[in-house]
Number of protein chains: 2
Amino acid sequence: MNKPSNTADDILAAARRFIVAGGYNGFSYADIAEVIGIRKASIHHHFPSKVDLVQTLVRRYLEDAVTGMGELERKIPQSPELLRTYTGYWAQCIEDASRPFCVCALLASELPALPPEVAVEVRAYFQFLSGWLAGVIERGVEQGTLTISAAPRVEAEAFMATVHGAMLSARACGDAAAFATIMAPTLQKLIPATD
Amino acid sequence: MNKPSNTADDILAAARRFIVAGGYNGFSYADIAEVIGIRKASIHHHFPSKVDLVQTLVRRYLEDAVTGMGELERKIPQSPELLRTYTGYWAQCIEDASRPFCVCALLASELPALPPEVAVEVRAYFQFLSGWLAGVIERGVEQGTLTISAAPRVEAEAFMATVHGAMLSARACGDAAAFATIMAPTLQKLIPATD
DNA sequence: ACGAAACTACCTACTAGTAGGTAGGAAAGA
DNA sequence: TCTTTCCTACCTACTAGTAGGTAGTTTCGT
């Protein structure tokens with residue numbers, strides 16, 4: 001039912017790897033062309049401009065996050081376990097180097113220099129993630145499974161910040177395990193009387 | 001007593017602004033030349049290569065941090081007040097847009113794509129900052145002015161991560177006040193029984 | 001008159017993007 | 001069924017502009 005052509009997906013995947021490594025200006029059409037084995041003009045066939053490419057990439061990234069978080073919420077009703085699974089997901093991604101950084105976290109860092117079409121998509125991701133975390137935390141408080149010291153929205157922002165900062169630290173000290181090490185006490189502070 | 005020539009400093013200052021805005025690949029010698037009103041060839045006189053320029057910039061950034069933190073420790077012996085002052089400093093910088101992001105935090109995000117000479121300097125900054133924070137936290141625990149739930153080194157890493165992540169969030173939501181909002185509960189969790 | 005700091009003028013390599021064409025398959029009309 | 005037409009996917013070959021960097025010269029302060 002779906003198009004069998006996966007070149008566009010290959011381009012997006014390569015672009016994601018490059019962006020995660022070095023940001024928006026850290027790669028070129030030539031770089032992508034080389035790793036997937038086509039000419040750079042062919043990339044323009046799938047994505048007329050670099051802005052189109054990255055915009056599509058980030059938009060899809062957000063869509064995947066929305067559906068992914070939805071599934072996660074369905075499977076795991078308890079907030080503490082939900083937060084643990086979320087950070088565990090990233091810990092895994094960083095550990096096996098499959099997705100060693102969040103695309104949007106990286107792009108956000110260079111937001112003032114980003115094309116506006118891309119910037120708006122990045123901002124949307126942050127808004128979604130922070131909103132989702134706020135919801136999870138709020139529910140946890142209502143269930144009595146989480147203890148917080150500020151408003152859920154603020155706690156959510158702080159949690160998200162720590163996740164992104166922990167990615168940065170893991171990268172900076174070249175130690176993938178650093179992410180999990182940093183997140184452990186952060187989770188502990190939200191979850192009362194665990195194991 | 002100091003050299004009256006400030007062009008090299010002007011170049012470094014301009015480069016810092018550009019890097020803070022868009023990272024290592026987000027600016028060119030031409031960009032710097034334009035804003036400070038010289039030709040780009042003249043920049044090569046002061047900094048033969050871009051690597052030299054950014055390496056010098058990051059090295060000086062670390063030196064300034066080392067002396068700055070030293071002074072801070074001399075002036076403020078109490079750990080809670082020290083952490084508050086440190087985050088307050090960044091809150092101020094972000095608020096007045098004078099230094100809306102940490103140079104090394106930004107460069108760390110694109111670390112895999114950075115020239116190795118620059119990467120090593122960035123890593124040194126992270127090591128210093130995390131070590132300094134660990135010392136501050138350890139002393140606070142000994143003084144009984146801080147309560148922690150993990151080893152001082154881990155708490156320090158988590159604190160640093162939250163600071164960097166909060167910068168990112170402030171940038172992403174385009175609201176400078178977000179930084180202080182995020183840091184408030186983070187500080188509160190470390191400081192027991194405060195007003 | 002000497003060196004530092006700036007300049008003009010240039011280089012090569014690479015950037016995103018375009019023009020125009022080709023190979024092959026699907027569709028559609030007689 | 002054959003042929004024309006269209007489409008997708010890719011190609012070669014090119015453009016204008018920008019990247020970092022160099023060579024050689026002039027300007028300026030002491």
Side-chain angles (χ1 to χ4, degrees), chain A residues 1-19 21-58 107 110 112-119 121, chain B residues 1-60 106-107 110 112-119 121:
Chain A
M1 214 154 290
N2 244 357
K3 286 177 261 176
S5 153
N6 55 350
T7 303
D9 291 336
D10 290 348
I11 293 168
L12 286 169
R16 200 198 62 198
R17 282 196 301 274
F18 278 120
I19 289 176
Y24 186 85
N25 293 305
F27 74 102
S28 71
Y29 269 35
D31 293 325
I32 295 177
E34 203 193 339
V35 298
I36 68 171
I38 57 171
R39 303 289 146 164
K40 74 192 177 80
S42 308
I43 302 174
H44 284 285
H45 168 73
H46 296 279
F47 303 99
S49 76
K50 197 178 182 181
V51 169
D52 289 319
L53 168 56
V54 180
Q55 194 177 14
T56 304
L57 172 61
V58 178
L107 290 177
E110 46 190 14
L114 244 40
E117 300 94 327
V118 175
E121 304 290 340
Chain B
M1 210 156 292
N2 244 358
K3 286 178 259 174
S5 153
N6 55 350
T7 302
D9 291 335
D10 290 348
I11 293 168
L12 286 169
R16 201 199 61 199
R17 282 196 302 273
F18 279 120
I19 288 175
V20 163
Y24 185 84
N25 292 306
F27 74 102
S28 70
Y29 269 34
D31 294 324
I32 295 177
E34 202 194 340
V35 298
I36 68 171
I38 57 171
R39 304 287 147 166
K40 72 192 174 90
S42 308
I43 303 174
H44 286 285
H45 169 72
H46 297 278
F47 303 99
S49 77
K50 196 178 182 182
V51 169
D52 291 319
L53 169 56
V54 179
Q55 193 177 16
T56 304
L57 172 60
V58 177
R59 197 171 285 167
R60 191 163 306 181
L106 205 151
L107 290 176
E110 44 190 17
L114 244 40
E117 301 94 326
V118 175
E121 305 289 340

Proximal nucleotide (of dA13(D), dT22(D), dG17(C)) relative to the Y29(A) side chain: dG17(C)

Within less than 4.0 Å of OP1 or OP2 of dC10(D), is there a side-chain N or O belonging to H45(A)? no

Whole angstroms only, please: what is the CG-P distance between N6(A) and dA9(D)? 10 Å

Atom NE2 of H44(B) and atom C1' of dG20(D) are separated, to the nearest Å, by 5 Å

Tell me, yes or no, whether the heavy-atom count around E117(B) atom CD, taken from other residues, nucleotides or ligands under 6.0 Å, exceeds 12. yes

Whether T7(B) contacts dA5(C) is assessed here as follows: a side-chain N or O lying under 4.0 Å from the phosphate OP1 or OP2. Is that the case? no

Atom pair distance, as rounded to whole Å: CD1 in I43(B) and P in dA19(D): 11 Å

Does dT15(C) have OP1 or OP2 sitting under 4.0 Å from an N or O in the side chain of S28(A)? yes

Which nucleotide in the set dG17(C), dC10(D), dA6(C) lies at the smallest distance from any side-chain heavy atom of I38(A)? dC10(D)

Taking K50(B) for the side chain and Y24(B) for the main chain, is one N or O donor matched with an acceptor at less than 3.5 Å? yes

Could you state the CZ-C1' distance from F47(A) to dT15(C), rounded to the nearest angstrom? 19 Å

For I32(B) and dT18(D), give me the distance from atom CD1 to atom P, rounded to whole Å. 16 Å

Is F27(B) touching bases, backbone alone, or none of the nucleic acid, heavy atoms closer than 4.0 Å? sugar-phosphate

For atom CZ of R16(A), is the number of surrounding heavy atoms from other residues, nucleotides or ligands below 6.0 Å larger than 12? yes

Send over the distance from R39(A) CZ to dA16(C) C1', rounded to a whole Å. 17 Å

In terms of relative ring orientation, are Y29(A) and H44(A) parallel, tilted or perpendicular, with 30° and 60° separating the classes? tilted

Would you give the length of the straight line joining atom CD1 of I38(B) to atom CG of D10(B), rounded to the nearest 0.5 angstrom? 8.5 Å

F18(A) CZ to dT15(C) P, straight-line distance once rounded to whole Å: 11 Å

No-H, no-angle donor-acceptor pair, K40(B) side chain to dG21(D) base, under 3.5 Å: yes

Rounded to whole angstrom units, what separation is found between the CD atom of E34(A) and the P atom of dT15(C)? 10 Å

Nearest-neighbour nucleotide for the H46(B) side chain, dG17(C), dA6(C), dA19(C) considered: dA6(C)

A41(B) side chain: which of dA19(D), dC11(D), dA9(C) is closest? dA9(C)

Under 4.0 Å, counting only non-hydrogen atoms across every strand here, what does S42(A) touch: a base, just sugar-phosphate, or nothing? base

